[in-house]
Each structure stands twice: as C-alpha cells, then as structure tokens.
Protein chains: 4
Amino acid sequence: MPGPPNRRRAGRPRSARADRAILAAAREALAELGWSGLALGDVAARAGVAKTTLYRRWAGKNELAVDALAALFDEQLELPDCGSLEADIGGAVLRFAVLLDRPETRTALMAVVAEAGQDEALRLRIREALVDRQKKLVRLGRERAQRRGEMPPDEGVPDPALDDLIFDVVAGAVVHRMTVSSGTVDPAWAARLARLLVHGLAHEHAR
Amino acid sequence: MPGPPNRRRAGRPRSARADRAILAAAREALAELGWSGLALGDVAARAGVAKTTLYRRWAGKNELAVDALAALFDEQLELPDCGSLEADIGGAVLRFAVLLDRPETRTALMAVVAEAGQDEALRLRIREALVDRQKKLVRLGRERAQRRGEMPPDEGVPDPALDDLIFDVVAGAVVHRMTVSSGTVDPAWAARLARLLVHGLAHEHAR
Amino acid sequence: MPGPPNRRRAGRPRSARADRAILAAAREALAELGWSGLALGDVAARAGVAKTTLYRRWAGKNELAVDALAALFDEQLELPDCGSLEADIGGAVLRFAVLLDRPETRTALMAVVAEAGQDEALRLRIREALVDRQKKLVRLGRERAQRRGEMPPDEGVPDPALDDLIFDVVAGAVVHRMTVSSGTVDPAWAARLARLLVHGLAHEHAR
Amino acid sequence: MPGPPNRRRAGRPRSARADRAILAAAREALAELGWSGLALGDVAARAGVAKTTLYRRWAGKNELAVDALAALFDEQLELPDCGSLEADIGGAVLRFAVLLDRPETRTALMAVVAEAGQDEALRLRIREALVDRQKKLVRLGRERAQRRGEMPPDEGVPDPALDDLIFDVVAGAVVHRMTVSSGTVDPAWAARLARLLVHGLAHEHAR
DNA sequence: AGTTAAACGAGACGGTACGTCTTGTCTTAGG
DNA sequence: CCTAAGACAAGACGTACCGTCTCGTTTAACT
C-alpha cells in the first residue's frame, strides 16, 4: 500500500488565493509590460505575495506563462453552434482572434514557444496544457458535422492526423496573420478561411 | 542636394568583416543557447569584436535577430518548379520546413515576433524584411499556375487579399505545426496540406 | 512571590532534551560554518526540532550564542592551584587558550561582541553571563596570593578596579593574540605574560 | 622582455573617486546600522555607485570592512611623544580608545575577526592591513625609550616576540575592556595600564 | 608624408532582474 | 499548551546582462 490518498501533507497548506493572485498578476503585468518587461519580482509584488511563494510553485517565467495562458484558453475558447460546419469554423476563428487580440496572450504565446526551442520540458508542457486541450474543438466540430451529414462518418479507423492538420491550419493561419504578418482578423477573412477549409476537406474524403 | 553620392564619410570606414562575423556569431549563439540565453556581449566576443562595434550597427537583440533571419530567408527560400501547382506548394512547404528545422531560425522568429507585440517599429521591420519579401513566392506560384491554366487569369482587378490568405495559411500551418504543436513536417504532411489548399482554392474561383 | 512553586503550567511541558539538543547543535553548526553561515533553521534541523521550538526559547542568533558560550565557559574555566601566583596565572591563561582554540568559541565570542555594539540588552547579557561570572577567577587568585603572602592584604577598602584591570589585561591579551593577531598561545608565551603581570603588580602596591 | 611596467591596462580605467566614495559610505553605514545591518547594496547606493562597481573591487563585506578599518587606523593611530615611556604608552592607549569609541570601528573590528575564524585569507588580510602595520608603534616606542635610556639597548639579537607580547597586551586590554567588559577607558585607567606594563617590563630585562 | 576623424579593442560604469537564502511569524494537524 | 512540518512576507545576497562611457590604438581617406 503506497499510502492513504487522503493523507494530508504535514505543515501549513499552500494558499489557493496565492495561486490565483499570481496568475492574475502575471496576466496583468504581461499586458502592460510585454514579455521582456515581465519581472517575476514585480509579479509577486502585484499579487501581494513574496517572491519565494511564486518560485515555490513555478520554476520560472516560462512555466508561469504557460499556465496563465492555459487558464485563459480554457475559459475563452469554445466552438459555437452556428448551424453549419463552415459557420462553426468561422465562429471559432473569430473567438480565437479575440483572444489573440489581447496583447498579453499574443506576446506570451510567442515567447514561450520561442523559449521552448531549447527546452524539451517546456515543449511538453505547451503541448499538454495548450495544444492537446484545444484539439478537442476540432474533434467536436468534426463529430457535429458528421451528425449533420456534412461529413461522412468514420469508416473503420478514425484519422487523427487529419484533425491535427486542420488544427494547425486554422490555428496557424490565425496566429501567423496576427503576429508575423501584423494583419487583422475580421469576419470576412474568417469566412474566407472557413470556406477554403471546408471545400478543401470535401475533396479530402472524395479522393 | 545635401551631399554628392560619392561623398565618403571621413575617418576609418566600418569593417564589412565585422558585420558578417556578428551576424554569423548571432546565429551560432542563438542555435546553442536559445533566445533568453543570447547575450550581446557573448555575440561580440564570439565575433571577435568589441561590444561597441556591435551596438554601433544594431540597436539591440531584436534588430540584430531580424537581420540575421532575413539573410537566411532570402538565401534559402524559393519556389521550385515541380510541374503542377499542388507539387509546387508541397515543395515550398518542405523547403520552409527545412529552414525552420534549424533551431536558430525557429527560435529567433518566434522571439522577435513576441517582442514585436509591444514594439511598433519592430513590427514594421519584420513585415518589410520577412513578410513582404517572401510574399513574392505566392505571387510567383499563382502566376505560374495561371500560365499553366490551373487557375483562371485575373479578371480586371487582382485580389491581393487572397494572396495574403494563402501566405498566412501555408506559412502559418508550417510554423504552428513545428513550433506550437511540436510536430514534424514530412512529405506526406506537406502533400496533404497542398492538396487541401489547391482544392479549397478551386472553389474560391467558382463561387 | 509570584506563584506557588508546585503550580504546573497548563498543557504539554517543554522538553528539556530540546534545550540541550539546540545548544549542542548551535555549537556544532558554529564550528562548521562560522557565524555568518549559522542559520537558525539549520540549527533546528540538526537538533531534530522545529524552528518554532527554537524561537520559543531564544529571541535570535545572538541570545542563543551567548547562552551556548556561557555554558562552555562555566564548565571549562577554573583557576588551577600551581603553588605560586605566577604559575596560577600561567595555568589559567593556558586553560583559556584551550577553550578559545575551539573554533566555535572564538567565533561566537567575537560575533556576539560585534553585535552587542548596537544592542544594549545584548551587552548586558554578555556582561552577566560571561564577564561577571568569570571575574570570580581574578578574585580567587588574588585571595589565594594574599593567603600565601605574595600580595599584601586589603587595607581598609578593597580595589575592584584593580581586579577589573587584571581581568581585561589577561583575557584581552589572550583573545587579541588568538583572534586579531592570529598567533598561538603556548606555555612560553603564557609564562612570559604571567611574569610581566606579577612584576607589574608588585609595583602597584609599592607606590 | 615581459612588458614595460608603465604599460596602461586596456579599457577604461577604474575610477579613484569610486574607491574613496565606497570606503566612506561603508564607514558611514556601519556607524549607523551596525555590522548585521550593513548591506552592500545600501553602501553602493550611498556611494552613488553600482553594486557591480563595489564587487569589482571587494569580494564581500569582510574585505571591504578590513580596508575601511585599515584606512582609519592608518590615519588615526600614532605614538605621541609625552616625554617618558610610561606617558607615551598612556597617550597611545587613549588614542586607540578614541578610535574604538566610534561605533563603526568597534563593531567592524570584532565582526571581521569573528568571520576570520573560518576564513584563512581574511585572517591574513587582517594581519597585514591592521596588525603588522600598527606594530610599528611598539617598535617606535621601544626605540624611543632606548634612546632616552629608559630601556637597555638591544644586546645582539632583537626580541620581536617581546614586541608582539606588548602589542597584544596593550591592544588586547583596551579592546577587551571596551567591547567584552563594556567598560570605559579614561586617563586614570590608561595610566594604570601603562604603569603596570612599564614596571613589568623593567623586570623583563633584569632577569 | 602628414593630418584628420571615425572605427576599433578593451573594459569600467550605473542599472535592473535574477533566483537563492535566511529571518521570524503564522497556520495546520497531532500529542 | 507544546510540538513538527512547512508555507509565508520581507528583504539581502552575489551574478549576469544591459546599453553607455571612456580610454588608447588603428586605419583609411584627404590634404
């Protein structure tokens, strides 16, 4: 028996208020100062918390930012039911664009991805906390379209690689336009992207 | 006229070797240490140059990185002629993936984009040095496809917004897959993306 | 009388083992790490005791160190009877030197004296626990010498200032040599100091 | 040829103003806050200097304090000529007492000596900068007394061990009285110590 | 051939954030 | 009420880079 699961750890328990205050302060500071201006001592001070308390929970800027991002993504992203696959995709694109319009989101996402280039653990954390959690939107959209008869049902084996492609195309196009190209995502652009995707996918099944 | 074009500035001219050595050292250090590990003092030391010499040419990490990236993009990216639009797109995707496989490229691109979130001048520099220069590949591909008869010729007004969409979809999907999703770009994935795009575009003109 | 002696305080009584363990751990840590390396959290851990338990008994590093020192001084210092005043002084000097040879004693004594420079209460505690308790050795030595006829008996009023001078000269010379001058105290040095003092004192009474 | 001795080191030379400002600020802060309150960041700020500038010159609190003390000792300590050996000693004792009456001197001296218990290099620095430099006062006093005929001239070999003993007795008695015993050094006490020493030394040569 | 003026290397400078450490208090649960 | 465990606020530690500066030296172009 490895130990009773209800076994309380000794000593004073960690404050849940501190966790929330730190994540909120991190988002606030990020929005104001940008990534390179983000100082963990400042985040701690905004949160009304000592630096030790912050470092007890997160190893550094990167880990903290991924968790702050994941909380935002989880609460903001969803797939609206707009009646058709094309409209659903357009709606999801617009929601994502709203989220990326916040300067802290855009900046933090790019920065942690940049740091992840040298940091395998961070790469894993990003995939688990951001990518894999949001891929459920693609699965949900596909299943909804299949129920509506817009897409054929899975024949035998499902094709997760197709879901991955769709995820990277949609998310990638939005992120690239808003960050690299310094463009804007408006309803017209979202609709055009959705149409491109839906018609491209139609041939995918007819091959 | 303020001065003749052959007007040489007085004093010792700037060393061209220093420029090249600094850019090379920056790429090397970036590949080894990642963005946050990149220290300009270290770059200068690797280049065998004083910090002053570096700062005389670039204002900071961001500007230096954009220039290092632009040089790489210019010399590496091109649109191979593979006989069909779909094959051309697949080929370009694979070339871009090879470039992004270099750790310094991936890291630097994401990092400068992150910093640009708070820095309008940097955003402009990125658009001029990276985005606008590479959009010529899309224009070239479209014109080649039109000559082949794979796409209808422009009717009256051209549609630059469509070129932009294509650029963001292709580049965005590749970048997103290789950085955010931590996935790999192989010939099969490239081909599938190209097919999706070509078929999606076919309907774009038939609307 | 503030309370009946058999009055038990409510609740769990304090552990006497803890007191001893803490003092011993403090001496050990001091010998290993020196004053600035002495951390009360570490002392508590070595003593197998919680920090709370330590702080309930001592207000801080200084008070703890003074008590640890006082216990050592009380058990180690005495005036051996070597037959003559000069030999007695030499013997006491050597005993004191042995005590100061322990790194924790030397370090702690100097450190608490340094801290006492800004702390009146600590100064008082040092005088009571260390200085006044050990001045009895000077009184004892003088009385023994008077019994032997080596010194004249007190005429009318005693002269405590002379005892104080002797105390500061003997203790000061040993401490200064072993700490400030980084010298060693061997039997020859001790004998020379004793002779200097005895002959100097002879004239003191003949003035 | 290993290099001309007047060869200028490359780069910007160190500021002499900074050295002086730091030592002065250290003495000031020490007097105000005591040893444990002395923070090097604060010293740097008072000196109008960056922390790096301070750390470039001194390895830590201890080294800085020894140098600050040595400067004080050098400028304050001397052997006044009062006409007789006994009066000279009394005068020197009073001068030393004035110096140790400054809270920063007393505190810093004790503190660095405490730290030196664990630090061989610091012990050496103290001996060189403080002890050996001030022992010249003992030599000077002896030579002056020999010229006056108060002490016999050196017969054959000199006796540096006697100078050392005198130094430790005088300095030790003053330091011990003012720090450990919390006593005061007034002219009467100084005169009594001087008399004790002179008469004790008389027998030293008559043995 | 000498003069001139900027570029160059070296490295010190004032600043700022880092992540760690220690202090003394507080909050749990258990004895 | 004491105890062990450990989280907490506060703040100094010594390090690393930043971007600027101040030196003395080098180098090409212009007299």
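Throughout, protein chains are lettered first and strands after them, A, B, ... in sequence-line order, and every chain is numbered starting at 1.
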#### Entry: Rounded distance (Å) that lies between atom P of E:dA5 and atom CZ of B:Arg56
17 Å
### Query
How many Å lie between CH2 on D:Trp35 and P on F:dC13, as a whole number?
11 Å
### Query
Quick one: the side chain of D:Lys51 and the base of E:dG14, do they pair up donor-acceptor inside 3.5 Å?
no
### Query
Out of F:dC18, E:dC18, F:dC17, which has the shortest distance to the side chain of D:Thr52?
F:dC17
### Where B:Leu64 and B:Ala26 come nearest, the two heavy atoms and their spacing
CD2-CB, 4.0 Å
### Task
Take the protein atom CH2 of B:Trp58 and the nucleotide atom P of F:dC18, then report the distance between them rounded to whole Å.
15 Å
#### Entry: Nearest-nucleotide pick for D:Ala39, side chain only, options being F:dA12, E:dC18, F:dA28
F:dA12
### Message
Looking only at the side chain of D:Tyr55 (C-beta and beyond, no hydrogens), which of the listed nucleotides F:dT15, E:dC13, F:dT3 gets closest?
### Response
F:dT15
### Query
What are the two closest heavy atoms between B:Ala29 and B:Arg46, and how far apart are they?
CB-NE, 3.6 Å
### Task
Select one nucleotide: of E:dA7, F:dC18, F:dA7, the one nearest the side-chain heavy atoms of A:Arg14.
F:dA7
### Which residue lies more 5' along DNA chain E, comparing C:Leu40 with A:Gly41 via nearest heavy atoms
A:Gly41
### Message
Assuming nearest nucleotide by heavy-atom distance, tell me which of D:Thr53 and B:Ala16 is located more 5' along DNA chain E.
### Response
B:Ala16
### Message
How many whole angstroms separate atom CG of D:Leu54 from atom C1' of E:dA12?
### Response
14 Å
### Query
Once you round it to whole Å, what is the distance between P of F:dG11 and CG of D:Leu33?
14 Å
### Query
To the nearest angstrom, how far is A:Arg12 atom CZ from E:dT28 atom C1'?
9 Å
### Query
With the threshold set at 4.0 Å, does a side-chain nitrogen-carboxylate oxygen contact exist between B:Arg123 and B:Glu120?
yes
### Query
Do any side-chain nitrogens or oxygens of D:Arg57 fall under 4.0 Å of OP1 or OP2 in E:dC13?
yes
### Query
Is it true that C:Arg125 and C:Asp67 make a salt bridge, defined as a side-chain N closer than 4.0 Å to a carboxylate O?
yes
### Task
With DNA chain F as reference, determine whether A:Gly48 or C:Ala50 sits nearer its 5' end, using the nearest nucleotide of each.
C:Ala50
### Task
Please state how far atom CG in C:Leu38 lies from atom C1' in E:dC21, giving the value in whole angstrom units.
14 Å
### Query
To the nearest Å, how far apart are A:Glu63 CD and E:dC18 P?
14 Å
### Message
Using a strict threshold of under 4.0 Å (side-chain N to carboxylate O), is an ion pair present between B:Arg14 and B:Asp19?
### Response
no
### Query
Touch check for D:Gly60, heavy atoms < 4.0 angstrom, all strands: base, sugar-phosphate only, or nothing?
nothing
